[in-house]
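Before any comments, here is the structure.
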Amino acid sequence: MRDDEVARLLLAWYDIHARVMPWRVSPQDRAAGVTPDPYRVWLSEVMLQQTTVAAVRGYFRRFTELWPSVQALAGAEDGAVMGEWAGLGYYARARNLLACARVVVADHGGQFPDTEAGLRALPGVGAYTAAAVAAIAFDRAAAVVDGNVERVMARLHAVTEELPGAKGALVTLAGRHTPQARPGDYAQAVMDLGATICTPRNPACGICPVNGLCAARAQGIAAELPRKARKAAKSVRQGRVWVVVRPDGGLLLEQRPAKGLLGGMLGFPGDGWDGFGQDMPPVQADWHEAGEVRHIFTHIDLRLTVMVGRVEGPALRGQFLPPETPLPTLMDKARALALAQLEANLGVKGGHDEPSPSAD
DNA sequence: AAAGCGTGGTA
DNA sequence: TTACCAAGCTT
C-alpha cells in the first residue's frame, strides 16, 4: 500500500466520525483556524495515560475549572492537586503534573515547548505524550504511538511478533504513515479508530475505513493481534489499617511517602502491609473490626483488615482531617467500611460538630 | 530493562 | 472469579 493512503482514508473518516471531547478541537473547527490550548491538550494526555476517556472526563472538568491555565496550576498547593487527583490512580502523574507546570512557568515563560524534544524533557512527559502534544497542539508531524496505534499498526501490517519486542517495528510503521498535513487530526483519527472500531476484542472490520488495506484482516488474524507476552501473576498480600474517628467526625490520616505505592497521597495508618508503619495502632482505643477490604492493584492482590475506633485525645502520628477528605480508592473503601461499621454496630453517625481540620 | 505503579470496565 | 485491558512514565 502507499503509506499516505492510510492517512488519507483515516482523515476522511475522522472528519465524519471524530469523537467529541472537552479537550479536543473538532476537525471542522481546526480547519477554520481554531487552535487547541496546549495546556488543555497536555493535561488531557497526562490524565489519559493508561486511563479510559470515561474516567478522565470529570477530572478534566474539575481541574480546568479550578486551574484554567498552566500558571494557575503552577501556583496551586501540592495537597490541593493531589486531593483533586484522588481516585484517578497512578499518583506519580499528579506529582509530575505539578512539577511540569512549575517548570513550564519558571523556565519557559508559561509557554509549553512546541517541539517533541522540548516536550520530552518535561517531568511526566514520555515518548507518547511528547509526540501527542507536539502533533495535536502544535501540528508537528510526530509519530504518536500509544496502545491503540500499536494495535492498528500490528493489524494493518500483520505484525505477529510479540509485544513489547515488536514495539520498535510498530513505531517505525507508525512513522511511515504519519502525514505532513494535519498530523494532529491524524493522530487522533488513529486513536479513535483503535478505540471504536479496531478494538482489542471483536474488531468491527466490516465498517473499518482501511479494511481494504489490512493485512491481518486478509489473513483472518486481526482479532489475534497484537500478540503480547503473558503478564506475571499478582502477589497476594494481607494487611491491617486503623481508622481513628474523633467525636467531631475527624479522621486520623497520614501523608504517605512521596515515592512508591499511593505516593504523596493521604492514607490511614497501617501495620506495614505497604512497607511503612509499625504493627501497632496509632492510638489507644476500643478497637472494632469493621471487616475486610479487597483491592486489586496492578501487581498486588490486597486484602486489608479495617479496624475502627473512636478517640478523643491526640494521636502519635498523622493528623485529623475532615471525614470527606479526598482519598485514593483503597483508602476510600476502608473509610466507607469503617464508618458503616461505626453507624451500624455502635450507633454513631459520622460527625456531629463541625469537623475541624486542625492538626493535633 | 524489567518491574513498579491505580482504577474501573468488560468478557 | 479471573484475566485482560485503557491516549505510559520512571527508575
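Letters A, B, ... are given to chains in the order of the sequence lines, protein chains preceding strands, and every chain is numbered from 1.
- Between A:Trp85 and A:Tyr59, the distance from one ring center to the other does not fall under 6.0 angstrom.
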For a side chain to side chain contact (heavy atoms under 4.5 Å, CB included) check, start with the C-alpha distance between A:Leu66 and A:Val81, then their side-chain angles and the critical distance, and finish with the verdict.
CA-CA 10 Å; A:Leu66 285 167; A:Val81 173; over 6 Å; no

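- Heavy atoms of A:Trp23 sit under 4.0 angstrom from at least one base atom.
- Taking a heavy-atom distance under 4.0 Å as the criterion, the stretch of DNA chain C touched by chain A extends 5' to 3' from C:dT1 to C:dT10.
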For A:Asn148 and A:Arg151: C-alpha separation, side-chain torsions, deciding distance, then whether side chain to side chain donor-acceptor pair (under 3.5 Å) applies.
CA-CA 5 Å; A:Asn148 288 302; A:Arg151 186 168 59 254; 2.8 Å; yes

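- Using a 4.0 Å heavy-atom distance criterion, A:Ser44 is classed as making no nucleic acid contact.
- Using a 4.0 Å heavy-atom distance criterion, A:Arg19 is classed as a base contact.
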So if I define the base as every atom that isn't primed, P, OP1 or OP2, how would nucleotides 2-11 of chain B read as a B/S/- string at a heavy-atom cutoff under 4.0 Å?
--SBBBS---

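- Straight-line distance between the P atoms of B:dA3 and C:dA7: roughly 23 Å, to the nearest whole Å.
- Using a 4.0 Å heavy-atom cutoff across all strands shown, A:Val149 reaches no nucleic acid atom at all.
- Using a 4.0 Å heavy-atom distance criterion, A:Ala127 is classed as a sugar-phosphate-only contact.
- Counting non-hydrogen atoms under 4.0 angstrom, A:Met265 reaches nothing in the nucleic acid.
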